Amino acid sequence: MEALQRRTIFATGQGEATYLGWADILILLGIAVTVYLGVQLASNAPPSLARAEIDLNPQVLPYYALRSVGRMTAAYILSLLFSIVYGYLAARSRSAERVLLPILDVLQSVPILSFLPVVVLSLTAVLPQAVALELAAVVLIFTSQVWNMTYSFYQSLRTLPRELREAASVFRFNWWWRFRRVDLPFAAIGLLWNSVMSWAGGWFFLMAAEIFTVGDKDFRLPGVGSYLQEAANANDTNAILYGVLTLVLIVVLLDQLLWRPLLVWVQKFKLETVEDDNPPTSWFYNLLSNSRLASALNQVLIVGTIKALDRRLGKARRFEPAESERPLHWTQKVARLLALTIFVLIVGALGIELVRLLLGVPLSDYARVAAGTVSTALRVLTAMLIAMAWTIPLGVLIGSKPILANFLQPIVQIAASTPATAFFPLILLVVINNNINLNVAAVLLMLLGTQWYVLFNVIAGTTAIPKDLRDMTDLLRFKGWNRWRKLILPSLFPYLITGLITASGGAWNASIVAEYVEFGQQTHSVIGLGALISEATAKGDFGLLTAATLTMIIVVVTINRYFWRRLYRIAAERYTME
Amino acid sequence: MTAHGHKQLGEVLVELRNVCKSYGRGDKYTEALRGINLTIREGEFVALLGPSGCGKSTLLRIIAGLIGATSGEVLYRGKPLRGVNPNTTIVFQSFALYPWLTVQENVEAALEPLGVPRLERTKRALKLIDHVGLDGFETAYPRELSGGMRQKVGFARAMAVEPELLCLDEPFSSLDVLSAESLRGELMELWLSGGIPTKAILMVSHNIEEAVFMADRLVIMDKNPGHIVAELNNTLPHPRRRKEKAFLAMVDQVYGQIVGRTRTEAEELGSAPGEPGATRALPPAPISAISGMLERVNEELTNKIDIYRLADEFVDDYDEILPIIEAAELLGFVNVEAGDLSLTPLGQAFAEGSIQARKEIFAARVKRVPLIRWILTMLKAQPDQRLSWDVFIAALSREFPPEVAERQLDTAVDWGRYAELFSYDNSDNTIFIETEHPVPQSAVPVSEHPTSES
């Protein structure tokens, strides 16, 4: 089952370190400085910007959809390139690894949405507005897609079997042959599964990136996201329905015509020597492989390109020196020390500026940050509990009944890849028109975005329970609660933890859009860290924005390190079937 | 070629002068190889043998240029070797085929970086595939082939680049017995008939019979740190037959070299961590394997057995039986000399004893092992007779590399648990003395039995 592979592929982000080292502190400082710099640029941006009008006529939807998909594609290509370069850098050099991995770890806990205004405003300060907006949206989507892909590629490079690597050296593959024959094929499956997930995550942020306000500045880009938001603002239920329908259609089409065929094709790069019982299938892939035209096009376009590249890049000879652990030359040591000193000085100087900015935030605001952190934490906890309450029974049911799985899996998958943000306007409309407490809505919105990770992992965990163990449990006549306690829950534990780690990170991030909503001409909000970030963005209060964002990063990283990783280790040590 | 199918020795291909290899610095310093001197000439088939961890594979990789030596000289045809040696290639234990390429593509992939034109590449690949008997499997993927067939692809790929020196890294050890045997025969045929341009072969092996069957010279290594202990010339005529007396004598001789002989009790036991002298490392041998071996030897009327026969019956590779023999020696259950293993009276008592009697004998003996004694002393010094696993690891890490320390403690706990001396609590990672079931001290029948008379 696909979900099964997912687990092994996604369980990669859990490194060894469980404490905050000096590298982390340096990185946090670096991020803080970046925020600060962006804010500085942003506050100097021109005060008023013209706004693009969003047309609610359904006829424009295909065009809007195209624009949205274009943004996604650009960001995805950027992510792919970044992943490969970063992965190589981190995997090839020990010292680079020591810096690059913690950076990755922290960056993936960063609430991307609170960076959006900073990115947009700093870009509009230097670029024409239309370009800057597009670029900002792409950058935002990129930051939501890239981290897990990078992890995956890095992980593949590190886990490439030693002898395969040595064979490449013995047969003197140069960088190109190594990349094309060894590294990329080996990484392909993990990279593709992560791409699918990243793409789904990208939609979530696209919705938010296409329309938003910072202070008195109002930005919008033509796209499905802005269409939906505008429709909700105008209370136009028909338009909302059209918008959601379009989005679901795009998601289904991309799934069927792009990702599924790719997932089938990529099976060829499996390392295992046994055949899979249940390989992914795709009607479109079968269609393509039976089509002469498709194969001719493939020959001309793809094979031709690769051959041309082979001719160009395959010739470069490179005899690499044998690996050896000679101590560094003193000049290298000095150069390194110098670089480090300059880096620390720059970061330090900017850090002082940053501290000044943070000191400027009134004490009452810090009290709000503290209160907000607690209440958002409670909301995240509630969302996690609700997610477990329904996904565990359903996931176990789907996982243990193959017939049901065949029927439900595609539905679940489409539901999961439709971005929760698309439904936000719809839910808000219901909540506000019926005077429902926004707290309920906020938890619901968090849930909508994150419960799928838990469900997928529960299904994977259930299907992974060995048949012998099930049979034995039947023989011992374990029924009801006893069966759950002795067999199902312990088997699920590692999978559940994997799912919950992703889900809780996502929930914190979602709090930014879930806790503070501008709807129609009104603002609705609850007490929370996410609400504070949104509010600070809307008011242009950069001090508060920085303080709240840093708090969220620190909270999420700390929870990951001290809570999830510990659980994950226990899961890996005690409840793994080997 | 000479009358017996031996090749004429030619020029020196590889020369190693005082090669050393070490990893890490300070606390993490480990020495893998020390003072290696080795020469390989044209026309030679050399086998590297020795217990696991003696650095055979490291040595092979140094010669192939995959790893650099820390000190000493590596010469190829008289010139210092820099980087990957372009005149060698390796056939790997795990085949190292690219699973996403077909048989033909795998072989061709080795020729692509050399800039061989496409048609020529295909021609050469097809010829070699035919040569190793895989005609008709050109478009198959490795996962569709059996282990033996996969390794044939490995050989075809290695031969495609026409290396002067062919390095074999345990190429037969992941094959089933029959495939391995036929592949060995085919390789020997190619090598002896001069059907391949290869000038010399260097093979790392885990299997003494295989080495005696194939090689002209056997280089025997030992560990801590890896060094060469002996070089034996093997002049048996080809084709060699495994059941012949001379063949068996050669195998016996090699076993004698590798296993060594039992030393005095004090030497066998060595010292505990923190004491002066080399800390005795525990061989990673499970109890069940030790008792299984003792029972087998006890079946012999003479209580004595040739080690190669033991290895032949129990395991594929001598590598697996060495730690078991070492453990039995350490515990005073067996004596080893000249490739023979004999039971001591204590070993016999163990082999014939009931479950409880075995535990008692084992407990009494194992308490004399310095590492176990040391653990017991440390535990007894604690008010609650409990100490965390990590404390022991920290202490052991001063004497062993980290992964060795873990393995040492694993074995110690395994033995200690069996002897009911101490146990391990998984929930809080501690080792503790079990107070409920003390081992009856009176029933210990031991110390009268001397370990070693020789």
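Just so it is clear: chains get the letters A, B, ... in the order the sequence lines come, proteins before strands, and each one is counted from 1. Being a predicted model, the structure only gives us computed values, none of them experimental.
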Please state whether the side chain, the backbone, both or neither of B/L97 comes within less than 4.5 Å of a heavy atom of chain A. backbone
If one checks every heavy atom of B/R61 against chain A at 4.5 Å, the contacting part turns out to be side chain
Would A/F153 and A/Y88 count as a close aromatic pair, with their ring centres under 6.0 Å? yes
I'd like to know if the side chain of A/N174 and the backbone of A/W177 have a donor-acceptor N/O pair within less than 3.5 Å. yes
With a 4.5 angstrom heavy-atom cut-off, could you sort out which part of A/A188 is near chain B: side chain, backbone, both or neither? neither
cation_pi(B/K79, B/Y76) dist<6.0 Å, angle<=45: no
B/E105, part contacting chain A, at a heavy-atom distance under 4.5 Å: neither
Heavy-atom distances under 4.5 Å only: say whether A/R165 touches chain B with side chain, backbone, both or neither. neither
Which pair of heavy atoms, one from B/S205 and one from B/K56, lies closest together, and at what distance? O-CE, 3.9 Å
A side-chain contact here means heavy atoms from C-beta on lying under 4.5 Å apart; do B/T102 and B/E138 qualify? no
Measure distances from B/N85 to the heavy atoms of chain A and classify the residue's part below 4.5 Å as side chain, backbone, both or neither. neither
Between B/A160 and B/L111, which heavy-atom pair has the shortest distance, and what is it? O-CD2, 3.5 Å
Between A/P185 and chain B, which part of the residue has a heavy atom less than 4.5 Å away: side chain, backbone, both or neither? both
